[in-house]
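Remember, it's a predicted structure, so these values are computed and weren't measured experimentally.
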Amino acid sequence: MNITESAGLLRGWSRKRKFKAAMLAVPLLAVIAALILILMPVAEIDRKKISIRTLEIPAFPIIVVLEQEGGSVTSAWLRTPAGARRLDRLEGLSFISSEPIITRVDQDSKDDLLWRLSFMNIDGEGLNLWLGMTTWAPRVFIACAPLNYTRWHALPAKVEVPKGTSIYIAPAAPLYQNLDKQFRGKDSYSFIYTMMLTPEGLNFVPVPSVYKQLSVLLQAGMRGESSPQKRLAYVRMLTEFNRLADGKAPQADTLLNLQVERLDTLSWKR
């Protein structure tokens with residue numbers, strides 16, 4: 001065998017060794033790739049499930065930013081010209097609805113805003129977030145109140161409200177005297193409040209025309225009620241609806257049942 005033939009055999013043997021090594025490396029690379037996927041930080045994978053949702057009303061410089069995962073809020077912020085404010089009460093809830101109401105409450109001719117946003121969890125519990133913005137001395141009032149489904153939510157009837165009025169269905173009826181408990185939840189009627197934006201922020205302002213309508217609806221709804229205690233609560237609530245429909249001031253039980261919490265006020269220069 002001459003030198004040329006020997007060199008050819010050596011080259012062939014070398015190529016075979018490289019081919020076998022390459023074939024052996026394929027399973028090894030697959031194992032390494034699998035390990036990379038398994039050991040990849042969970043945050044890198046979960047980040048794909050997180051979405052950003054922004055809620056805003058044209059002509060008003062406030063924006064609610066929701067970071068959501070699986071439909072639930074993981075982080076929420078209110079962005080305003082005065083800066084950002086975290087809305088930690090919304091965490092763990094899901095966005096349900098938005099109701100912007102244009103109103104006029106300050107000294108200029110520009111529109112002001114009363115904005116109600118509703119959030120709820122899988123158990124049917126949540127909160128209403130109200131953002132009230134005035135323009136004369138620019139500021140945003142932030143308030144919230146508990147939210148639960150009641151029999152009112154299942155009624156097909158629509159209540160007509162005047163401009164600037166937001167309807168708040170409280171979770172429960174007031175705890176009237178001679179009652180053993182408060183009645184609440186989807187099988188009970190609760191008290192309804194007419195809320196408005198005022199120069200001092202969100203407030204309960206009774207609107208007679210609304211309570212006249214609520215009185216008629218409650219009378220119809222309570223006719224088939226068989227529970228004596230629940231019926232007593234409805235009678236007391238109906239009496240209060242009629243008083244408010246006549247323009248009279250709300251009673252103490254009604255005011256104690258209203259659980260609106262003022263969270264903050266942000267202001268800035270025009």
- Message: Ring of W130, cation from R262 - is the NZ or CZ under 6.0 Å from the centre and inside 45° of the axis?
- Response: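 The answer is no, since R262 fails at least one limit relative to W130.
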Checking [Y] against [X]: is there a side-chain donor and acceptor pair closer than 3.5 Å?
| X | Y | result |
| --- | --- | --- |
| T80 | W268 | no |
| S75 | W77 | yes |
| Q177 | D253 | no |
| T103 | K163 | no |
| N203 | T198 | yes |
| S215 | N242 | yes |

- salt bridge (Lys or Arg N to Asp or Glu O under 4.0 Å) between R86 and E91, intermediate numbers included: CA-CA 10 Å; R86 184 162 186 165; E91 294 175 9; 2.7 Å; yes
- Message: Which heavy atom of P174 sits nearest to which heavy atom of T254, and what is that distance?
- Response: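 In this case the closest contact between P174 and T254 is CG-CA, 4.5 Å.
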- Assign the ring pair Y149 / H153 to parallel, tilted or perpendicular, where the plane angle (0 to 90°) is split at 30° and 60°.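 Taking H153 first and then Y149, their aromatic rings stand perpendicular (interplane angle over 60°).
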- Item | Aromatic ring pairing Y193/F204, orientation class (parallel under 30°, perpendicular over 60°, tilted between) |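 Y193 vs F204 ring planes: perpendicular.
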- Query: Should F183 and Y234 be marked as a ring-ring contact (aromatic ring centres under 6.0 Å, His included) after you check the CA-CA gap, both sets of side-chain angles, and the distance that decides it?
  - Reply: CA-CA 10 Å; F183 293 100; Y234 293 163; 7.2 Å; no
- Does E240 come within less than 4.0 Å of K248, counting only side-chain N to carboxylate O?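 Salt bridge absent between E240 and K248.
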- So does E261 pair up with R89, basic N to acidic O under 4.0 Å?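 Salt bridge present between E261 and R89.
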